[in-house]
There are 2 protein chains.
Amino acid sequence: MNSIRQLYHRSQHILLYGGVMALLIMLMKWLQWKYLITDNAIDIYIGLLAVTFTALGLWLASQLTKTKVRTVTVEKEVLIPQSEYFVLNEEELNRLELTKREYEVLELITRGQSNADIADRLSLSLSTIKTHVSNVLLKMDVKSRAQAIEKAKRLRITP
Amino acid sequence: MNSIRQLYHRSQHILLYGGVMALLIMLMKWLQWKYLITDNAIDIYIGLLAVTFTALGLWLASQLTKTKVRTVTVEKEVLIPQSEYFVLNEEELNRLELTKREYEVLELITRGQSNADIADRLSLSLSTIKTHVSNVLLKMDVKSRAQAIEKAKRLRITP
DNA sequence: TCCATTTCGGTACTTAAGTATGAATTCCGA
DNA sequence: TCGGAATTCATACTTAAGTACCGAAATGGA
């Protein structure tokens with residue numbers, strides 16, 4: 001439907017051009033016999049013709065191509081798997097004021113690891129992990145590791 | 001820097017056009033005296049001139065404007081809030097073969113609610129909730145509610 | 001070097017989570 | 001309407017989680 005409308009517009013230009021060209025030729029033929037054309041003025045006449053029709057050609061071309069000169073913005077929505085989509089929300093993370101260790105512990109918590117698992121992973125004692133976990137829960141203002149997981153994922157401070 | 005290079009290219013075209021135009025005019029002047037031009041053939045000559053230089057104008061215009069005719073594709077990255085982005089993974093959910101109640105309980109678990117909270121919400125006894133939770137953990141093949149939350153969110157069977 | 005913060009670890013305790021088992025009731029499809 | 005599955009609830013138990021309080025060691029800037 002769009003291409004048909006374009007074709008119509010272009011046909012309009014071509015018809016218009018044909019009319020203008022015919023008029024110009026008639027005008028020049030009339031001028032030829034009435035005033036300008038003598039044997040030694042033929043060069044000027046040819047030059048005039050060339051410039052005129054070149055200008056006409058340029059104008060026609062600009063009319064034909066001006067619809068092509070545009071910026072086409074394509075919005076490309078990319079579906080990315082959730083795991084690869086993670087973008088750290090640093091603002092929220094900084095607000096919690098967690099220490100390095102506490103954040104490490106939080107990351108393991110959100111992976112569903114138990115305190116014993118975390119102790120093994122970080123080669124620390126269970127009581128140390130308990131201390132860290134307790135501090136994390138305090139700073140995150142939650143009452144259980146389950147809430148911590150939910151909040152961490154909701155605020156995107158953990159993958 | 002880019003605009004300078006463009007200007008250079010356009011100047012090249014214009015110079016080239018000037019040369020071609022000069023050659024054509026010389027050719028036509030030569031033809032004029034040697035063969036074609038008689039008094040009654042002047043119309044044909046004018047028409048030929050018009051068509052030729054119009055074509056030349058069209059070509060020149062196309063050369064000048066062809067760099068403008070392009071499609072600019074802009075990839076727009078859209079940040080989608082996680083909560084609105086949730087799409088239930090029915091396949092994985094069906095694989096678990098959870099009952100209605102069990103799925104209800106799982107949803108509340110993934111919101112960080114304790115067993116007591118869930119019991120209140122669903123107006124059931126704590127022991128009933130414990131039973132449901134235990135069955136959910138069994139069917140999900142995890143050992144704690146924390147792992148259940150992590151797995152549910154990873155498999156996208158819960159918002 | 002000094003000092004605040006972080007890190008680590010312990011004990012003791014309370015509470016929540018999770019398991020195992022049994023049983024009564026309700027629901028729903030054949 | 002019959003029977004298996006689902007739902008509900010209870011008791012008893014084990015284990016993990018979480019809290020409170022303590023102190024020592026390491027770290028890292030001013």
Side-chain angles (χ1 to χ4, degrees), chain A residues 88 90-155 157-159, chain B residues 88 90-155 157-159:
Chain A
L88 180 66
E90 288 189 65
E91 201 178 332
E92 287 291 343
L93 179 56
N94 291 333
R95 197 166 295 164
L96 295 180
E97 294 183 333
L98 296 176
T99 67
K100 271 187 186 178
R101 266 301 201 219
E102 286 165 353
Y103 183 64
E104 273 186 297
V105 170
L106 176 58
E107 277 188 310
L108 295 174
I109 288 176
T110 57
R111 290 182 200 167
Q113 311 237 323
S114 69
N115 290 342
D117 292 335
I118 300 173
D120 280 349
R121 172 69 70 91
L122 301 181
S123 302
L124 296 176
S125 77
L126 181 60
S127 57
T128 302
I129 301 303
K130 282 189 176 186
T131 305
H132 287 320
V133 170
S134 204
N135 291 332
V136 168
L137 299 186
L138 209 68
K139 291 182 178 177
M140 289 185 74
D141 192 31
V142 294
K143 288 178 181 175
S144 68
R145 72 203 294 109
Q147 284 182 16
I149 296 171
E150 191 274 331
K151 190 166 186 174
K153 289 195 175 289
R154 179 160 44 81
L155 298 183
I157 60 181
T158 276
Chain B
L88 179 66
E90 287 189 65
E91 201 177 333
E92 287 291 344
L93 178 55
N94 291 333
R95 199 167 295 164
L96 295 180
E97 293 182 334
L98 296 175
T99 67
K100 273 186 185 178
R101 265 304 199 215
E102 286 166 354
Y103 184 63
E104 274 186 297
V105 171
L106 176 59
E107 278 189 307
L108 294 174
I109 287 176
T110 58
R111 290 182 200 168
Q113 311 236 323
S114 69
N115 290 342
D117 292 336
I118 300 173
D120 281 348
R121 173 69 70 91
L122 301 180
S123 302
L124 296 175
S125 77
L126 181 60
S127 58
T128 302
I129 301 303
K130 282 189 175 184
T131 305
H132 287 319
V133 170
S134 204
N135 291 330
V136 168
L137 299 186
L138 208 69
K139 290 182 178 179
M140 289 185 73
D141 193 31
V142 293
K143 288 178 180 174
S144 68
R145 70 202 296 111
Q147 284 183 16
I149 296 171
E150 191 274 331
K151 189 166 186 175
K153 289 195 176 291
R154 179 161 43 82
L155 298 183
I157 61 181
T158 276

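FYI, side chains are in, hydrogens and waters are out, and symmetry mates aren't considered; it's all heavy atoms of this structure.
A:Lys151 places a side-chain N or O within 3.5 Å of a backbone atom of A:Met140 that can act as its donor or acceptor partner. Between the side chain of B:Arg145 and the backbone N or O of B:Gln113 there is at least one donor-acceptor pair closer than 3.5 Å.
Bounding nucleotides for the chain B contact on DNA chain D, 5' to 3', at a heavy-atom distance below 4.0 Å, are D:dA6 to D:dT11.
For B:Glu97, there are no salt bridge (Lys or Arg N to Asp or Glu O under 4.0 Å) partners two or more places apart in sequence or in a different chain. Contacts of A:Asp120 classified as side chain to side chain contact (heavy atoms under 4.5 Å, CB included), with partners at least two apart in sequence or in another chain: none. Residues passing the salt bridge (Lys or Arg N to Asp or Glu O under 4.0 Å) test with B:Arg121, sequence neighbours excluded: none. With sequence neighbours excluded, the residues satisfying side chain to side chain contact (heavy atoms under 4.5 Å, CB included) with B:Leu88 are B:Phe86, B:Glu90, B:Leu93, B:Tyr103. Residues passing the side chain to side chain contact (heavy atoms under 4.5 Å, CB included) test with B:Thr110 are B:Leu106, B:Ile149, B:Ala152, B:Thr158, sequence neighbours excluded.
Residues B:Ala148 and B:Leu137 share a closest heavy-atom pair of CB-CD2, 3.8 Å. Shown here for A:Leu126 and A:Ala116, the closest heavy-atom pair between the two residues is CD1-N, 3.8 Å.
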Pair up each side-chain donor or acceptor in residues 128-135 of chain A with any protein partner under 3.5 Å, not counting sequence neighbours, and list the distances.
unit_1   : atom_1 : unit_2   : atom_2 : d
A:Thr128 : OG1    : A:Ser125 : OG     : 2.9
A:Thr131 : OG1    : A:Ser127 : O      : 2.9
A:Asn135 : ND2    : A:Thr131 : O      : 3.3

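We find the NZ-CG distance between A:Lys143 and B:Asp117 to be 8.5 Å, quoted to the nearest 0.5 Å. For the atom pair CD of A:Glu91 and CD1 of A:Ile157, the computed distance is 12.5 Å after rounding to the nearest 0.5 Å.
Interface residues of residues 139-150 of chain B facing DNA chain D, ordered by number: none; criterion, heavy-atom separation under 4.0 Å. Interface residues of residues 102-138 of chain B facing DNA chain D, ordered by number: B:Leu124, B:Ser125, B:Ser127, B:Thr128, B:Thr131, B:His132; criterion, heavy-atom separation under 4.0 Å.
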Can you pull every protein N or O that's under 3.5 Å from an N or O on nucleotides 23-30 of chain C?
none

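Five base pairs at each end of the helix from C:dT1-D:dA30 to C:dA30-D:dT1 define two local axes, and these are offset by 70° (rounded to 10°).
Atom CG of A:Asp141 has 12 or fewer neighbouring heavy atoms from other residues, nucleotides or ligands inside a 6.0 Å radius.
Pairs passing the salt bridge (charged side-chain N to carboxylate O under 4.0 Å, His left out) check and including a residue from residues 101-115 of chain B, sequence neighbours excluded, read B:Arg101-B:Glu104, B:Glu102-B:Lys139.
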Applying side-chain contact (heavy atoms from CB on, under 4.5 Å), run through A:Ile109 and A:Ile118 and close with a yes or a no.
CA-CA 8 Å; A:Ile109 288 176; A:Ile118 300 173; 3.8 Å; yes

